[in-house]
Protein chains: 2
Amino acid sequence: MARRVTIKTIAEDLGISHMTVSRALSNSTNVRRETRELIRKRAAEMGYVKSAAASAMRGDATRIVGLLVPNLVNEFYARFANTLALLCEDNDLHLITHLTNDDPNRERLALMKLQELQTNAVVTVPAPATQPHGKQLFQGMKPIQFIRTQPLPFASDSIVIHDAEAIRQAVGHLVSRGHQRISYFGGHASLSSGRQRKAAFLEAMEAHNLTVHEGLIQTDSPSFEMGARKAAAVLAGQIDSSAIICGGFEISNGALDACLRANAVFPRDVAFVGYGDPGFYRWIQGGITTISLPIDQLAEQALQRLLQLDPDAPVQQHGFAAEFILRASA
Amino acid sequence: MARRVTIKTIAEDLGISHMTVSRALSNSTNVRRETRELIRKRAAEMGYVKSAAASAMRGDATRIVGLLVPNLVNEFYARFANTLALLCEDNDLHLITHLTNDDPNRERLALMKLQELQTNAVVTVPAPATQPHGKQLFQGMKPIQFIRTQPLPFASDSIVIHDAEAIRQAVGHLVSRGHQRISYFGGHASLSSGRQRKAAFLEAMEAHNLTVHEGLIQTDSPSFEMGARKAAAVLAGQIDSSAIICGGFEISNGALDACLRANAVFPRDVAFVGYGDPGFYRWIQGGITTISLPIDQLAEQALQRLLQLDPDAPVQQHGFAAEFILRASA
DNA sequence: ATGAAAGCGCTAACAC
DNA sequence: GTGTTAGCGCTTTCAT
């Protein structure tokens, strides 16, 4: 491979100083029109690409931004990453996506790798953590907490879901269909989203004068496997419940998978309310009732936060309402 | 935010030369044990992170690698990206994913952005192109063509699918169920994968002495929308066919969506063979018969190609066999 | 309108 | 075993 084309290469080629080339290529006014056009033309011919490394070293913003999500297999995260990636490309941001698997260690490593590259900002779905990350991990990087929030050593932007009302509607609907022993599978209390969704569920149950019997509330680190395990327990009668409400993307998919594996028929064997709305929910057994999130709005807001790199800008916290989608499964 | 911690910061803090710090942090032998440990300790305390920009400027490999896929919504690409991302993290590679939407323009822009960052290698699902990209787009970047291949100005690594046998089995199975007017929806001839899959289909039809009637072969730029449109045409009787074989991920999902929207029942109304095996295919109407790809092996091979940065290494072309998965829909 | 020098963080190549 | 210098590509500052 030929050596990289730099402004000096072009300068030599044209027999001028590299400074003139620099000016010509960065829209400075102090270059003769002809000279500028000549330089531009030659640069294009030679395949010049400005070195991001050199700019970064000078202290310019790298326009590198990060996205930390648990995975890309869950359609919610995939769609969000997809939309955000397109928005970033249209706004000249370099987006680097890392997967945390909801593991604080992977999260830490990802943040360190982003730091090496002088990433300017990072949208992160914080992993369930026993202790908050030190501020060192965010040196020079603006964090934007997404979906969940974790305490940070400084105030940070956040984008979260207001799903209390949707959960209330889910419970209300199930009650109207005669369910009383409604179970809830969610993330545990180390997650802000886990706490809030559980609280919303309890509140809704109370509003309908329903007793939350032993075993109806199941919380744990949110995962496909956890959802599958709990749903299997319901189907096996180990958890005495006629309806399931899921409080997490992974949990929802896992619970659904377990039900279908067991050949359960909704809502005959159990009523099912999912969380998140992957495309195929519409096609499973006439449609999975679920709680849907406004992915495009979330991505658009994330982009706005990513573009705001001014460290003195006031912290912004945004919430978006989830929607209860009634289909056949409950 | 405090200024970045560099080797000089640490050197000043310790009253030594920055070279000693550099040596201590990069495992050079020429540092006294004590000194090295002291430096290491202080560096950790101060939150030192090596500047990738400075290393890049010196000409070291950036260990940045790229992935260009049409989108992340299709579960095949999402799963592949997911697996590859985890592998890259474990191998200390920075993976940057760009979405092309199968649009050569987006592809070009993505390659240019990767070039700015001095990306070392890129796994790409080439977009349908009218003319091949110039070699300038790949200056300093090793391309690894994935799934499809496009002519490049130089030989390149590739990882493709051998699906002829699976397609043959699909046709054979449909014939055994009495189908004769079998239709095929695939990518058009500007794609290597489109050409090959269509050829495999034609060959299989011929092997069973079936006539490929007018309209049974439908090829176009592969998209969800195209699959949906063609499937709708079959259901509406505009294409006279009792069975559909899909030859692309997007096409498959689109065709499936259209069938389900129209409340079609497989295989009563039409027999359906998909392409790719998203998790939910298993749960739709007792299971979608499909052609499955070995995602983990593909990702593992992609990683191996990404790790091989030696420009003088011989070009490698790898093929993996697809598998015909028989379920209820055909 | 153009050029020369300096410095961003790092390490190879030389001193000593 | 440790220090000094130089240079990677770029732009800001200061000449001319």
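The sequence lines fix the lettering, A, B, ..., with proteins before strands; numbering per chain opens at 1.
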message: Taking the nucleotide of DNA chain D with the nearest heavy atom to each, does B/Val31 or B/Ala54 sit closer to the 5' end?
response: B/Val31
task: Select from B/Asn30 and A/Lys8 the residue whose nearest nucleotide in DNA chain D is closer to the 5' end of that strand.
output: B/Asn30
[X] and [Y]: side chain donor to acceptor below 3.5 Å:
| X | Y | answer |
| --- | --- | --- |
| B/Gln297 | B/Gln301 | no |
| A/Asn71 | A/Glu250 | yes |
| B/Gln304 | B/Glu300 | yes |

Which of the following nucleotides, [options], is nearest to the side chain of [X]?
| X | options | result |
| --- | --- | --- |
| B/Arg32 | D/dC10, D/dG1, C/dT2 | D/dG1 |
| B/Thr20 | D/dG3, C/dG9, D/dC10 | D/dG3 |
| B/Ile16 | C/dT2, D/dG3, D/dC10 | D/dG3 |

For [X] and [N], what is the distance between atoms [atom1] and [atom2] respectively, to the nearest whole Å?
| X | N | atom1 | atom2 | answer |
| --- | --- | --- | --- | --- |
| A/Glu12 | D/dC8 | CD | P | 10 Å |
| A/Glu116 | C/dG9 | CD | P | 16 Å |
| A/Leu117 | C/dC10 | CG | P | 14 Å |
| A/Met57 | C/dA6 | CE | P | 16 Å |
| A/Gln118 | D/dG9 | CD | C1' | 14 Å |
| A/Arg4 | D/dG9 | CZ | P | 8 Å |
| B/Leu25 | D/dT2 | CG | P | 14 Å |
| A/Met46 | D/dG9 | CE | P | 13 Å |

- prompt: Side chain of A/Asp102, backbone of A/Pro70: donor and acceptor closer than 3.5 Å?
  reply: no
message: Treating A/Lys142 as the side-chain partner and A/Gln308 as the backbone partner, does any N or O pair qualify as donor plus acceptor under 3.5 Å?
response: yes
field: Positive for side-chain contact (heavy atoms from CB on, under 4.5 Å) with B/Leu68, one of B/Ile96, B/Leu99, B/Leu114
entry: B/Leu114
message: Return a single string for nucleotides 11-16 of chain D, one symbol per nucleotide in 5' to 3' order, where B is base contact, S is sugar-phosphate-only contact and - is none, cutoff 4.0 angstrom on heavy atoms.
response: BB----
field: Partner residues of B/Phe249 under the ring pair (Phe, Tyr, Trp, His ring centres under 6.0 Å) criterion, sequence neighbours left out
entry: B/Phe76, B/Tyr77, B/Tyr275
field: Phosphate contact (C/dG3 OP1 or OP2) by A/Ser17 side-chain N/O below 4.0 Å
entry: yes
- request: Using a cut-off of strictly less than 4.0 Å, decide whether B/Thr35 has a side-chain nitrogen or oxygen near OP1 or OP2 of D/dG1.
  value: no
